[in-house]
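Starting from 1, each residue takes its place in the sequence as its number. Read the numbers this way: they start at 1 and go in the same order the structure lists the ligands and their atoms. Small disclaimer: the values here were computed from a predicted structure and weren't measured. Scope of the values below: all heavy atoms of this structure, side chains included, with no hydrogens, waters or symmetry mates.
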Amino acid sequence: MTTATRSMASHPRLPRWLLFAVALLLVSGRGSCDVDPLDCGDDEDNDGIVSTPGVPVCSSTDRNALLRFKASISSDPNKVLQNWQASRLNCCDWTGVTCDGATSRVVRLKLPNQNLKGRLDAGLSGLSYLQVLNLDNNDFMGSIPASFGGFARLQRLCLSNIPSLSGPIPESFGSLKSLQLMDLRSNSLTGPLPSSFGMMSNLRNIHLYGNKISGAIPPSFGLLSQVYNCDLSNNRFSGPIPDAFAFGLKSLAFLFLNDNEITGLPKDMRNLTRLQWIDLSNNPLMTGDSVQGIATAPLISQIEMSSCKISGPFPAWASRLPNPSFTLLSDEVTPSLNLANNAISGSIPSALGKLTYLEGLSLQNNHLTGPIPTEFAKLQRLQRFNVSYNQLSGKIPQVSPFTTFDKSAYQPGNPGLCGLPLTPCK
Ligand SMILES: *[C@@H]1O[C@H](CO)[C@@H](O)[C@H](O)[C@H]1NC(C)=O
Ligand SMILES: *[C@@H]1O[C@H](CO)[C@@H](O)[C@H](O)[C@H]1NC(C)=O
């Protein structure tokens, strides 16, 4: 994802179909290692490590660390560890192991999708030259050993889809100064994030989706100036995002916080100069006002806040949203505002008609009354629009695209609406 985005930003004349394809990938695979050039690298040639030529001979330190790891595995149905034998001295030839030709040290350990059962042995951190650890999609039990914070050279940590991997992210992770990719999604991690989280100063992609991590986001998070893509969704994060979060995340483009118990955003988000897409859906304790800082993020163009139990009048910040002059960065996302499935009452502000970049506007399932503002006729880029299940009345703007949306964009609900595509006004 990172490279795709950066290269798009620097090649403004890429054909639109390509941008569209990339955008699709981003949408369908958000947070997925598969479409992310900074990924866990199931393909050895594709993980960014340049091995120096030479015939590596395993160091005994590394061999011992690997044998300890093997000893803690209780089941290896695919027999991938069969050639991991003390008698086969050159561990650089063992399945899943790659050494660097110049140092002869183990730089990669990759055994994803092997149904390995057992514990993650603390002794694995003896692989002090390790750059990539990929044990995705296995059956380890227990927690991540604190000693894993000792991987000083580790760039990619891929421990996703390990359903019984539990316990907290260790405080020692603050020492992972080389880490660029942390993929711990779809595990059973708990506890709060360690206060040292922001010390992983090279982090670019964070995938913590689908765990049970709780508590507040630590203020140190705001120090992660390289983070581009951050997916904390489907956890139990609670409370407001600290103001310090908005201090230094100057590379952050995508922020997924949906399905948590977040109650608000920093008031001033001006420093989040690249933030384009924020998903706060399904945070049931949020209020309309507690997220007003979103309107200060200069490039924000895709906002999702459905199912947040927001009540009262239409959030005032929506009328203050920036109308970003079109940079290519914005082509990666679907510029849209999604406030569906809340309890917003009163009228739709006509100021939304200024947001001419919008391609999606989802307001269904609220308590909105009054007309669809005539200013909406300016929203010529709209492709998805939905105001059904409200109590709107009056004439639908009789211009395309409003006349061509499916009737289900307007009704059920809104018995007082008239004009195409509904029945003519009396
Ligand atoms: C924005 O960043 C600057 C330093 O680059 C800092 O002085 C300022 O306090 C930050 N503002 C906020 C609201 O975090
Ligand atoms: C509008 O939203 C309603 C309720 O979620 C849904 O049933 C309907 O299919 C949507 N229509 C369009 C055109 O998006």
Side-chain angles (χ1 to χ4, degrees), residues 27 197-198 201 216-227 230 240-253 255 258 264-275 278-279 281-282 290-300 302-310 317 320 322 334-344 348 352 358-369 372 376 379-392 396-397 399-423:
V27 172
F197 201 90
S201 47
I217 306 231
S220 72
F221 214 101
L223 300 172
L224 295 169
S225 62
Q226 309 291 315
V227 168
C230 180
I241 305 286
D243 285 342
F245 185 92
F247 183 80
L249 287 167
K250 58 180 196 286
S251 306
L252 186 67
L255 180 58
N258 45 293
L265 293 176
K267 272 177 217 60
D268 183 348
M269 295 173 68
R270 262 175 299 183
N271 282 0
L272 300 179
T273 50
R274 283 173 63 102
L275 184 63
I278 190 166
D279 192 340
S281 297
N282 229 333
S290 68
V291 292
Q292 58 175 296
I294 195 62
T296 64
L299 264 192
I300 194 73
Q302 177 161 356
I303 299 175
E304 295 175 39
M305 288 188 197
S306 64
S307 307
C308 288
K309 300 212 163 96
I310 295 173
W317 53 260
R320 297 195 297 269
T334 305
S336 53
L337 178 62
N338 180 353
L339 290 166
N341 310 323
N342 283 293
I344 302 170
I348 303 176
L352 290 189
L358 284 183
E359 293 174 16
L361 182 57
S362 303
L363 302 174
Q364 67 269 32
N365 247 316
N366 279 288
H367 306 315
L368 296 165
T369 52
I372 296 173
F376 273 26
L379 300 179
Q380 285 296 308
R381 288 173 181 255
L382 270 190
Q383 291 162 24
R384 285 182 298 110
F385 177 71
N386 203 329
V387 292
S388 65
Y389 296 97
N390 281 290
Q391 288 121 47
L392 298 169
I396 293 168
V399 292
S400 168
F402 293 91
T403 50
T404 58
F405 289 128
D406 192 79
K407 285 178 185 165
S408 72
Y410 300 99
Q411 286 179 339
N414 308 313
L417 276 185
C418 60
L420 286 173
L422 308 178
T423 48

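Taking CG from Leu265 and CG from Leu272, the interatomic distance works out to 9.5 Å, rounded to the nearest 0.5 Å.
Between Tyr410 and Phe405, the angle of the ring planes lies from 30° to 60°, which puts this pair in the tilted group. The aromatic rings of Phe221 and Phe245 sit parallel, their planes meeting at an angle under 30°, below the 60° perpendicular limit.
Residue Phe405 places no heavy atom under 4.0 Å from ligand 2.
Here the side chains of Arg384 and Ser362 are in contact, with some heavy-atom distance below 4.5 Å. Side chains of Leu249 and Leu224 form a contact here, defined as non-hydrogen atoms less than 4.5 Å apart.
At a heavy-atom cutoff of 4.0 Å, ligand 2 is contacted by the side chain of Ser388 but not by its backbone.
Side-chain N/O atoms of Ser281 and Ser307 include no donor and acceptor closer than 3.5 Å. Using a 3.5 Å distance cut-off with no hydrogens or angles, the side chains of Asn365 and Asn341 do pair a donor with an acceptor.
Near Ser408, meaning under 4.0 Å from one of its heavy atoms, ligand 2 places the atoms 1 (C), 8 (C), 9 (O), 10 (C), 11 (N), 12 (C), 13 (C).
An N or O contact shorter than 3.5 Å is missing between Asp406 and ligand 2 by distance. Between Tyr389 and ligand 2, a contact under 3.5 Å exists for no N or O pair.
Nearest heavy atom pair, residue Asn390 against residue Gln364, reads ND2-CA, 3.9 Å.
Ordered by chain and residue number, the residues placing a heavy atom less than 4.0 Å from ligand 1 are Ala246, Phe247, Asp268, Asn271.
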